[in-house]
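In what follows, a single structure is set out as structure tokens and then discussed.
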Amino acid sequence: MLPIKLSASKLLLSQIDIVTVLVIVVVFFSILLVLGIRKSYKLKKENERLDKISEEMARKEEKYRDFTEGHMYNNN
């Protein structure tokens, strides 16, 4: 059996490595969170714009236009 030696420098290095990995992970997910919030904001604005266009189109009166008036098969 090999003797296991835990020195303070190895333990400290190990803790620094763990903290470094955790910082990288936190930064990565923070960037993803910010990008997701930004995308959500843009989609909300686009949805509001499309709703406004939809409401304007619904308010428009569509008048019936007889498109057969000039047709050569008109029996009038």
Side-chain angles (χ1 to χ4, degrees):
M1 217 188 222
L2 295 173
I4 299 173
K5 293 182 180 179
L6 292 175
S7 65
S9 63
K10 287 183 182 179
L11 193 60
L12 184 62
L13 184 62
S14 170
Q15 289 175 350
I16 290 174
D17 290 341
I18 291 172
V19 170
T20 303
V21 169
L22 287 176
V23 167
I24 291 171
V25 168
V26 166
V27 168
F28 176 74
F29 283 110
S30 297
I31 291 171
L32 286 180
L33 180 65
V34 168
L35 291 175
I37 291 170
R38 184 173 159 244
K39 184 71 170 181
S40 175
Y41 179 75
K42 283 184 174 184
L43 287 173
K44 184 178 177 183
K45 285 291 185 184
E46 180 70 11
N47 190 29
E48 288 172 359
R49 186 182 71 84
L50 291 175
D51 283 343
K52 184 178 176 184
I53 291 173
S54 178
E55 288 173 3
E56 288 174 2
M57 289 179 69
R59 281 189 219 134
K60 249 187 185 179
E61 286 185 37
E62 291 194 26
K63 298 179 181 176
Y64 177 73
R65 185 175 144 250
D66 188 10
F67 60 89
T68 62
E69 288 178 6
H71 200 275
M72 61 189 216
Y73 296 114
N74 194 359
N75 292 329
N76 289 337

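Annotation: the span from Ser54 atom OG to Arg59 atom CZ amounts to 10.0 Å, rounded to 0.5 Å. In this structure, CG on Leu32 lies 11.0 Å from CD1 on Ile37, to the nearest 0.5 angstrom.
Electrostatic pairing of Lys42 and Glu46 does not count as a salt bridge here, judged by no charged N lying under 4.0 Å from a carboxylate O.
Nearest heavy-atom pair, Ile16 versus Thr20, reported as atom, atom and distance to 0.1 Å: O-OG1, 2.7 Å.
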Report task. Give the intermediate values and the outcome of side-chain contact (heavy atoms from CB on, under 4.5 Å) for residues Glu48 and Lys52. Result -> CA-CA 6 Å; Glu48 288 172 359; Lys52 184 178 176 184; over 6 Å; no

**Report entry** Candidate pair Val25 and Phe29, rule side-chain contact (heavy atoms from CB on, under 4.5 Å), full reasoning
**Finding:** CA-CA 6 Å; Val25 168; Phe29 283 110; 3.6 Å; yes

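Criterion: ILVMFWY side-chain heavy atoms under 4.5 Å apart, direct or through other members. Under it, Ile31 and Val23 are part of a common hydrophobic cluster.
In this structure, Leu43 and Asn47 have side chains that are not in contact, with every pair of non-hydrogen atoms separated by 4.5 Å or more.
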